[in-house]
Amino acid sequence: MRIGELATLSGVSVRALRYYEEQGLLAPARSASGQRIFGEGDRAEVLRIRALLAAGFCSSVIRGLLPAYRDGGTERIRSAIAAARARLETERRAIDAELDALAGLERELAPDVGVRVHAGRHAAIECSEAVAPDHRDRRLR
DNA sequence: CTTCTTACA
DNA sequence: TGTAAGAA
């Protein structure tokens with residue numbers, strides 16, 4: 001099948017499929033005219049790549065993991081999962097520590113801070129300088 | 001109409 | 001990742 005069909009079947013964009021090939025995650029054959037030719041098995045392959053990506057593995061790691069999936073290298077995969085889990089748990093501890101630190105700063109403030117009366121209305125305290133453009137960032141800039 | 005590559009946002 | 005452009 002050509003790239004468009006695989007994209008429809010897998011729910012992955014044509015752009016992404018070409019990118020996966022560029023990253024060495026997929027190795028489709030080529031027709032005489034240069035078009036990528038995928039096999040039926042590539043559908044499952046793509047879904048697996050998506051699952052690995054969703055779990056946080058970068059393409060270079062996935063590249064090394066895919067062959068293990070094909071030739072039953074279960075131990076290699078298990079260790080990769082364990083490493084990823086350990087890394088995430090370390091990060092979680094750091095996040096919990098920051099959350100605790102924030103709670104401490106909040107308790108340190110006077111009881112009524114957070115809202116001040118201006119012209120009879122409630123208004124949130126301004127904090128232009130300390131606000132991160134994206135609250136998902138790990139550090140405020 | 002679909003795909004390819006290359007390049008840019 | 002999406003989209004544009006020009007060619008096949």
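Quick note on labels: first sequence line is chain A, next is B, and so on, each numbered from 1.
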For atom CD1 of A:I3 and atom C1' of B:dT5, their distance in whole Å: 12 Å

hbond_proxy A:R15 side chain to C:dT1 base (donor-acceptor, 3.5 Å cutoff): yes

Atom-to-atom span, CE of A:M1 to P of B:dT3 - whole angstrom: 12 Å

Rounded interatomic separation in angstrom, taking CD from A:E22 and P from C:dG2: 14 Å

Among B:dT5, C:dT1, B:dT3, the nucleotide that comes nearest once only the side chain of A:R36 is considered: B:dT5

Flag if over 12 foreign heavy atoms under 6.0 Å of CZ, A:R70: yes

Sugar-phosphate, base or nothing in reach of A:S13, heavy atoms under 4.0 Å: sugar-phosphate

Value in whole Å for how far the P atom of B:dC1 lies from CD of A:E5: 19 Å

Protein-nucleotide distance (A:R30, atom CZ; C:dA8, atom P), rounded to Å: 17 Å

Carboxylate-amine/guanidinium contact A:E21 A:R18, below 4.0 Å: no

Per A:R2 side chain, nearest of listed nucleotides C:dT1, B:dC4, B:dT2: B:dT2

Most 5' of A:L53 and A:Q35 on DNA chain C, judged by nearest nucleotide: A:L53

Within 6.0 Å of CZ in A:R92, more than 12 heavy atoms from elsewhere: no

Separation of atom CD in A:E21 from atom P in C:dT1, rounded to whole Å: 15 Å

Spacing of A:R18 atom CZ relative to B:dC4 atom C1', expressed in whole Å: 6 Å

A:R87/A:E91 salt bridge by N-O under 4.0 Å criterion: yes

A:Y19 OH - B:dC8 C1' separation (whole Å): 16 Å

